Amino acid sequence: MIEVKNVFKDFSGNKVLDNICAEFEPGKTNLTIGQSGSGKTVLLKCIAGLHQVSSGDILYDGRSFVRMNEKQRKEIRKEMGMVFQGGALFDSNTVEENVMFPLEMFTDMTYEERRERANFCLKRVNIVNANNKYPSEISGGMQKRVAIARAIALNPKYLYCDEPNSGLDPVTSILIDNLIKEITQEYNITTIVNTHDMNSVMEIGDKIIFIYKGQKRWQGTSAEIFDTGVKELDDFVFASARMKQLRDLNRR
Amino acid sequence: MRSFFYHIGRYSLLMKRVFSRPERWRVFLRNTVREVENVGISSIVIVLIISLFIGAACAIQMNNVLQYSFIPKYLIGFGTREILLLEFSSTIVSLILAGKVGSNIASELGTMRVTEQVDALDMMGVNSASYLILPKITAFIFFVPVLMVFSIAIGLVGGYIASFMIKGLSTADYLQGITMLFRPFFVAYSVIKSVVFAFIIASVSAYHGYYTSGGALEVGKSSTRAVVNSSIIVLLFNLILTKLLL
């Protein structure tokens with residue numbers, strides 16, 4: 001379990017996160033939603049340790065990540081996997097080498113064992129016959145799936161996905177979402193997904209946190225999201241006039 | 001001034017991270033060999049072409065300056081050798097490499113930064129500074145002296161070829177000139193300079209690339225800053241090392 005306690009974050013006095021408190025449970029897809037610039041990515045990067053929090057604490061199964069020394073952080077990082085918004089695959093490595101990379105850096109597996117594990121992970125995300133291709137030679141959806149394969153290569157306890165379906169068509173987005181949900185349940189991972197895609201919210205959102213201008217405004221499930229009474233969330237969910245009309249019709 | 005100290009401090013902290021023990025020696029060695037290809041071997045042709053023409057031009061210019069009949073012609077070869085050895089093959093070749101390799105390093109790291117590949121390494125618990133930068137610095141430091149020796153040799157060949165075009169200069173005079181009064185320390189001096197310059201070019205360019213923020217436009221700006229700053233620092237250290245060593 002990951003607990004975020006009273007986290008504040010500012011960049012040169014510009015407040016980005018304002019007293020965020022949240023709990024992310026294992027085996028569930030925890031979604032952080034909000035408009036672009038609301039602070040979702042900064043929160044995720046604070047949780048992952050890519051940004052230092054200005055104040056507050058982040059607990060990994062009760063262990064304070066903020067107070068850990070570099071060695072302890074390094075150890076816990078081996079339990080994390082992250083899928084970045086653009087995939088962040090290494091351009092100079094093939095698909096297979098990308099997935100083998102964490103295994104080569106942090107395990108004593110032989111080349112054959114690493115290759116076997118990489119192929120297993122690639123098969124798990126439905127990537128076949130692309131092992132020797134470079135990231136620039138595969139589609140955006142495939143890049144995201146390879147990024148997921150790389151993220152799960154070391155059997156992580158925590159999986160972070162920063163807008164995993166941005167730039168993808170709705171069908172591919174759903175495939176990626178379902179893949180994340182399946183992997184989360186299969187390996188009992190604590191997964192946090194940043195998104196502003198309502199399809200994702202409805203498809204995989206076990207627990208949802210809504211962030212508005214750096215503050216947590218709402219927390220609940222996908223079943224509760226349409227009737228929260230939070231104006232900013234309503235404006236986010238029913239962003240278009242047509243959606244608002246449909247909502248009003250439904251209420252009548 | 002504050003900005004100057006800010007960059008000095010940040011550069012020093014980055015170097016501290018760069019010169020930490022590699023996570024896996026096998027991976028470090030493989031990456032270093034790859035970088036020898038990227039930053040070293042790919043620069044051989046340009047260095048050789050430039051050295052050949054500069055060597056020839058030096059010999060012709062020497063002849064122009066030393067055209068008086070009482071000055072022995074073998075001094076043309078001697079002067080060409082000293083120019084190549086003391087200044088051209090270490091300093092000028094380093095400035096050329098600052099343009100070619102420096103921009104390459106800065107743009108590669110800058111692109112990795114803006115596409116979150118550096119974050120991906122940090123996220124995994126890999127020391128991204130050491131993993132990405134140390135092989136580049138190591139490869140460049142080992143390979144630039146090799147390039148410098150090639151440059152001197154080909155520059156002298158250029159002068160030799162030019163000697164056929166110089167009226168009144170025999171190839172025997174030229175060969176006598178390039179072998180006379182040879183001081184082996186000048187080679188050591190040149191190697192020391194090229195090693196220091198290689199470190200400056202690779203580390204300063206890596207610094208600018210590693211701390212790129214923004215998008216494609218900033219990658220271009222970082223690349224330009226890397227070339228300009230590393231060139232200026234190379235020239236400054238050229239003066240300092242010349243004063244200290246000669």
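Because the structure is predicted, anything quoted here is derived from the model rather than measured. Lettering of chains follows the sequences in order, A, B, ..., and the numbering in each one begins at 1.
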S.K.: Salt-bridge test for A/Lys213 and A/Asp18: reply yes if a basic N is under 4.0 Å from a carboxylate O, no otherwise.
M.R.: no
S.K.: Given heavy-atom pairs under 4.5 angstrom as the criterion, report whether the side chain, backbone, both or neither of A/Glu75 touches chain B.
M.R.: neither
S.K.: Under a 4.0 Å threshold between the charged nitrogen and the carboxylate oxygen, would A/Arg67 count as salt-bridged to A/Asp57?
M.R.: yes
S.K.: With side chains defined as the heavy atoms from C-beta onward, is the minimum distance between A/Leu103 and A/Glu113 less than 4.5 Å?
M.R.: no
S.K.: Between A/Arg73 and chain B, with a heavy-atom cut-off of 4.5 Å, which part of the residue counts as in contact: side chain, backbone, both or neither?
M.R.: neither
S.K.: Chain B heavy atoms under 4.5 Å from A/Phe101: which part of the residue, side chain, backbone, both or neither?
M.R.: side chain
S.K.: Considering only heavy atoms, give the residues of residues 226-241 of chain B separated from chain A by less than 4.5 Å, sorted numerically, with 'none' for an empty result.
M.R.: none
S.K.: Salt-bridged, A/Lys207 to A/Glu23, with N to O below 4.0 Å?
M.R.: no
S.K.: Let me know if A/Leu154 has heavy atoms under 4.5 Å from chain B in its side chain, its backbone, both or neither.
M.R.: neither
S.K.: Write out, in numerical order, the residues from residues 191-219 of chain B with a heavy atom short of 4.5 Å from a heavy atom in chain A.
M.R.: none
S.K.: Hey, does A/Tyr158 have a side-chain heavy atom less than 4.5 Å from the side chain of A/Asp61?
M.R.: yes
S.K.: Could you tell me if B/Ser128 and B/Asp122 have a donor-acceptor pair between their side chains, going purely by distance under 3.5 Å?
M.R.: yes
S.K.: Can you name the residues of residues 23-31 of chain B that have some heavy atom under 4.5 Å away from a heavy atom in chain A?
M.R.: B/Glu23, B/Arg24, B/Arg26, B/Val27, B/Arg30
S.K.: Does anything in residues 99-121 of chain B get under 4.5 Å of chain A by heavy atoms, and if so which residues?
M.R.: B/Met112, B/Thr115, B/Glu116, B/Gln117, B/Asp119, B/Ala120, B/Leu121
S.K.: For a 4.5 angstrom cut-off between non-hydrogen side-chain atoms, does A/Thr190 reach A/Lys157?
M.R.: no
S.K.: Is there a side-chain contact between A/Met109 and A/Glu116 (heavy atoms, below 4.5 Å)?
M.R.: no
S.K.: For the residue pair A/His196 and A/Gln35, confirm or rule out a side-chain donor-acceptor distance under 3.5 Å.
M.R.: no
S.K.: May I ask you to check whether over 12 heavy atoms, not counting those of B/Phe150, lie within 6.0 Å of atom CZ?
M.R.: no
